[in-house]
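Accompanying notes for the structure given below.
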Amino acid sequence: MPEKTYDHNEIELKWHERWKDDSLYKAEENSTKPKYYVLEMLPYPSGALHIGHIRNYSIGDALARYMWMRGYNVLHPMGWDAFGLPAENAAMKNQRPPREWTLANIEKMKRTHRRFAFSYDWDREVTTCEPEYYRWNQWFFLRMLERGLAYRKKALVNWCPLCATVLANEQVVDGCCWRHEGTPVEQRALEQWFLRTTAYADALLNDISQLEGKWPERVLTMQRNWIGRSEGAEVDFTLDGYGPVRVFTTRIDTIYGATCLILAPEHEIVRTMASPEAQAHAKKMIDARATQGLGDVEKEGCDTGLTAINRFSGERIPVWVGNFVLMGYGTGAIMAVPAHDERDFEFCTKYGINIRPVIRPVDGALADVPLNEAFGNYGVVENSGQYSGMPSAQARKEMAAHAEREDFGKAAVTFRIKDWGVSRQRYWGTPIPVIHCEKCGVVPVPDDQLPVLLPQQIQITGKGRSPLDEVPEFVNVNCPQCGEPARRETDTMDTFVDSSWYFYRYCDPKNTTAPYDSKKIDYWFPIDQYIGGVEHAILHLIYSRFWTKVMRDIGLTTCDEPVRKLFTQGMVIRNGTKMSKSVGNVVAADDVADKHGADSARLFALFAAPPEKDVDWIDAGVEGVYRFLGRVFRFVTRNVDAPGGDGSADKDVLRKLHQTLQRITEDFDSRWHFNTSIAQMMELVNVLYAEESRISAAAMRQCLEILTLMLSPFAPYVTQELWQEMGNEGAVIKQSWPAFNADLARATDVEIPVQINGKLRTRITVPVGLDKAALEAAARADQSVATLISTATVVKVIAVPEKLINFVVRPN
RNA sequence: GCCCGGGUGGCGAAAUCGGCAGACGCAACGGACUUAAAAUCCGUAGCCUCGCAAGGGGCGUGCGGGUUCAAUUCCCGCCCCGGGCACCA
């Protein structure tokens, strides 16, 4: 058969049409096959897929296709993280309702998804802005409310003036809004809804051990740091004329060295009891904190005029306010031990407050403790009454026990993680399903009245409070309890709620009576492989873990953790910076597909670098893999029915073929270095070109089929076309992954480098399987080796079978 | 400041367990085909150096040391780049 020209447009269009009904990728509901759930993070429907998305999906899709071919029942779904601020901004700009804008974007992006032939089961598509989905957000919220896991409090919250809404702590980056770099977040006191993530702080931390080795270590480290468990003690100091002031410390063993107490500027006692000057100062510090945000801030403080008594020593010490003490951590008050804490040292030095060492090094004296810096190590406690002479660890225990006995303190654990603030003063999100009644207070919307629907007709001005406040039909309701007129809650939920459980919904996407049927979850969960960007290491992945634990405790799943294995792929870089709309260096997926085809775009996304590494997008690089696909296409089409050569190259070619197959199979099973998998196939094709005329018809057939099958997870269109060209029936994805033949893969001869004193001098070819002695004999028997060592005395011979031989010699 | 990654040709990278550094690809150069170009096919190529040539020698994985017959790989000390955390008491 004459060689054909590789026309990617024709081929991709043809198979795109045939695959339209999607029946190929349906996950089976009652299957005897082993299951495999592979998931890529769902995108925000911004309007267009770019090449960063393509990389993410190409990794997942190659894996999904491989697992199909390995005989697994694969669940590979896709959906849309469809709530969020951009839709509202677009609505303001274009006078287009957010829903309309969002759904149009989804249609557009879905077309691109299909164009790239990602093997999704679209019957399971989830769109989080649709009532069928978000009603279950509301349902979950009510379950959490019943269990005290959702609650409302007035709190200082992070407010982004540009978003005109509250942000979660996780959404504040360097004191600025995560979406508006350089816009400092302000602190405002508002009534807000929170989810009690702190109730699961210990569980979230402990269960990280279940993820060890299966999630990237740095993600686990980031989560551990974020949770920030810290063991210490709470202790009361007695404030003259007031009563106890509680502090949290990890170093209660240094308490005899406490020379003052420092309160956060927001601390209640500052407001109620401090001197007027101190109150004014504190106010300034609070305001400054709201605007300065970034970086290191000079420590600042002010004496409140109050004094407090140390219950251990009976000593009376001054009480200060300090800008570096955080209201949101511990109790909002600390005891300052300048001799043993760097920050306290800095503060007390600045204001001339006493520095008194009470810890000495285990092998030193108290007098050796330097007074020009803080000595923060553990050691032996001194000048501390009955505790003097104890090691730090013992003192920590005994002092906490003493405080507890005397009822002025206890051993305590504090977490850095806070409860998750989920209120947003926005329109385009899940309405929080509660009603505020003058008489009954906060009343949950009854389950049978769910979903609380977002009103469709709405003017979004971007000014003032939540847009829902302006919709009387939405706001004005009757209280479900007493029937009197009441007001609906107008805050909506953080969109991270949507993505915290969407992967469960994929298992039962059309359920109208429950978020899903637990039996289906039991079959599919946990997710075997989750693939996404490392930027979600904390936010999304910690919320998802939290949600699963809550669901487990409600009895909705038996999983402790939703995700068994996590893979974080690298970013796609262009011109030295991360691809983003604002930089204007985005490469649209459709543009690449137009020019070189979806297959080439997918192939290059995987070929350019190992998947976990950042990759530079180079247009010329796509041309390289495009050429490769053309080479494959032409080679296969012209050899399909060729009479074949004399077979003199069969052995070498089949060895290369099976070695390649082995490597690619191993890469799928462990390393995922698809860049080398693809390079291996390129090498194979180079060999095929070189030996083309010396390959027999039978060996050629084997090469063509196996090459096509191996390449198919990466380039589904062209391989499908070739599969048909070869006269085969059916879809490539339904074929079995070829088994490599270890006998054929084995080499008979191996080239051994010969070193003299560690320097490469020549090479010899020997049969495989020679032991040390035989290898040395073979080397000595070689004429050029004999010449090389003849002028010196061989002192030692290092022979490593199938690797190398090294003669250590001394000149004569 | 602390905690992770990373640093290899002109470029993206490879070397899986301490054993031939630079596979594969891009860009480049030379040749074939072509009226010509594109496409395609074949070939050259780390750097320096000696030689008319065949061929030879030296250097080389951020820098400096160490272990070893042998180090991109292991150990110690630095430098640079990227990311995360950053008053968390």
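A, B, ... follow the sequence lines: proteins, then strands. Residue 1 opens every chain.
Pair check for B:G1 finds B:C85; Watson-Crick or G-U wobble, both atom distances under 3.5 Å. A 3.5 Å limit on both hydrogen-bonding distances identifies B:C24 as the Watson-Crick or G-U partner of B:G12. When Watson-Crick and G-U wobble pairs are counted only if both distances are under 3.5 Å, B:C74 pairs with B:G66. The base-pairing partner of B:G46, taking Watson-Crick or G-U wobble contacts with both distances under 3.5 Å, is B:C59. In this structure, B:C33 forms no base pair with any nucleotide, since neither Watson-Crick nor G-U wobble geometry is met with both distances under 3.5 Å.
Applying the 90° criterion around 0 to the glycosidic angle, B:G9 comes out syn. Its glycosidic angle being within 90° of 0, B:C17 falls on the syn side.
Considering only side-chain atoms of A:A679, the nucleotide from B:C24, B:A86, B:G84 that sits closest is B:C24. Residue A:E751 has its side chain nearest to B:C20 when only B:A89, B:A27, B:C20 are considered. Listed nucleotides B:G12, B:G19, B:C87 differ in distance to A:A608; the shortest reach to its side chain belongs to B:G12. Distances from the side chain of A:N686 to the nucleotides B:C41, B:C20, B:C24 place B:C24 closest. Across B:U40, B:G19, B:A89, the shortest atom-to-atom separation from the side chain of A:R634 is found for B:U40.
Contact of A:K803 with B:C20 (side chain to base): no donor-acceptor pair of N or O atoms is detected under 3.5 Å.
For the pair A:S384 (side chain) and A:Y256 (backbone), a donor-acceptor distance under 3.5 Å is absent. Judged by distance alone, the side chain of A:T637 and the main-chain N or O of A:K4 form a donor-acceptor pair under 3.5 Å. With hydrogens and angles disregarded, a donor-acceptor distance shorter than 3.5 Å links the side chain of A:S392 to the backbone of A:G379. In terms of modelled atom types and a separation under 3.5 Å, the side chain of A:N310 and the main chain of A:I255 share a donor-acceptor contact. Judged by distance alone, the side chain of A:T259 and the main-chain N or O of A:N354 form a donor-acceptor pair under 3.5 Å.
Look at the C1' atom in both B:G66 and B:C80: the space between them is 23 Å, to the nearest Å. Look at the P atom in both B:G18 and B:C11: the space between them is 28 Å, to the nearest Å. The gap from the P atom of B:C48 to that of B:U40 amounts to 31 Å, rounded to the nearest Å. Comparing the P positions of B:C29 and B:G83 gives a spacing of 36 Å, expressed to the nearest Å. To the nearest whole angstrom, the two C1' atoms, one in B:A71 and one in B:A21, are 11 Å apart. Taking atom P on both nucleotides, B:A23 is separated from B:G10 by 14 Å, rounded to a whole Å. Nucleotides B:G12 and B:G62 have their P atoms positioned 14 Å apart, rounded to a whole Å. Separating the C1' atom of B:C17 from that of B:C74 is a span of 12 Å, rounded to the nearest Å.
Heavy atoms of A:G624 sit under 4.0 angstrom from primed sugar atoms or phosphate atoms, though from no base atom. When heavy atoms are screened at a 4.0 angstrom cut-off, A:V808 is found touching the sugar-phosphate backbone but no base atom. At a threshold of 4.0 angstrom between heavy atoms, the contacts of A:I618 with the nucleic acid are absent. Within the nucleic acid shown, A:Q755 comes within 4.0 Å of at least one base atom, counting heavy atoms only. Counting any heavy atom pair closer than 4.0 Å across all strands shown, A:V325 reaches a base atom.
In summary, the side chains of A:N225 and A:R416 do not present any donor paired with an acceptor at a separation below 3.5 Å, with no hydrogens or angles considered.
Atom P of nucleotide B:A89 and atom CD1 of A:I252 are separated by 15 Å, given to the nearest angstrom. As rounded to whole Å, 18 Å separates atom P of B:C24 from atom CZ of A:F714. Residue A:N225 contributes atom CG, which lies 18 Å from atom P of B:G83 at whole-angstrom precision. The separation between A:H536 atom NE2 and B:G84 atom P is 13 Å, rounded to whole Å. Here B:G82 presents its C1' atom at 10 Å from CZ of A:R218, a figure rounded to the nearest Å. A:I573 has its CD1 atom 11 Å from the P atom of B:G82, to the nearest Å. Rounded to an integer number of Å, the gap from CD of A:E683 to P of B:C24 is 5 Å. Rounded to an integer number of Å, the gap from CZ of A:F607 to P of B:G12 is 14 Å.
Residue A:T221 has no polar side-chain atom (N or O) positioned under 4.0 Å from OP1 or OP2 of B:C85. OP1 or OP2 of B:C42 lies within a sub-4.0 Å distance of a side-chain N or O belonging to A:R631. Note on A:K759: a side-chain N or O is less than 4.0 Å away from OP1 or OP2 of B:C59. Within the 4.0 Å cut-off from OP1 or OP2 of B:U40, not a single side-chain nitrogen or oxygen of A:R638 is found. Contact check, A:R761 against B:C20: no side-chain N or O comes under 4.0 Å of OP1 or OP2. An OP1 or OP2 oxygen of B:C26 is reached within less than 4.0 angstrom by a side-chain nitrogen or oxygen of A:R627.
Distance check, rounded to the nearest 0.5 Å: NZ of A:K299 to CG of A:D344 gives 9.0 Å.
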Quick one: which protein N/O atoms are closer than 3.5 Å to N/O atoms of nucleotides 14-18 of chain B? Pair and distance per line, please.
residue, atom, partner, partner atom, Å
B:A14, OP1, A:N675, ND2, 3.0
B:A15, OP1, A:R671, NH1, 3.1
B:A15, OP1, A:R671, NH2, 3.0
B:U16, O4, A:R663, NE, 2.3
B:U16, O4, A:R663, NH1, 2.9
B:U16, O4, A:R663, NH2, 3.0

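Here the side chains of A:V325 and A:L263 are not in contact, with every heavy-atom distance at 4.5 Å or above. When side chains are defined from C-beta on, A:T249 does not count as touching A:I334, because their heavy atoms never get closer than 4.5 Å. The shortest side-chain heavy-atom distance between A:H340 and A:D253 does not fall under the 4.5 Å cut-off.
Sequence order on RNA chain B of the closest nucleotides to A:S230 and A:E623 puts A:E623 first from the 5' end. Nearer to the 5' terminus of RNA chain B, by closest-nucleotide assignment, is the contact made by A:M682 (compared with the other of A:M682 and A:F248).
Around the CD atom of A:Q783, the shell of radius 6.0 Å holds no more than 12 heavy atoms that belong to other residues, nucleotides or ligands.
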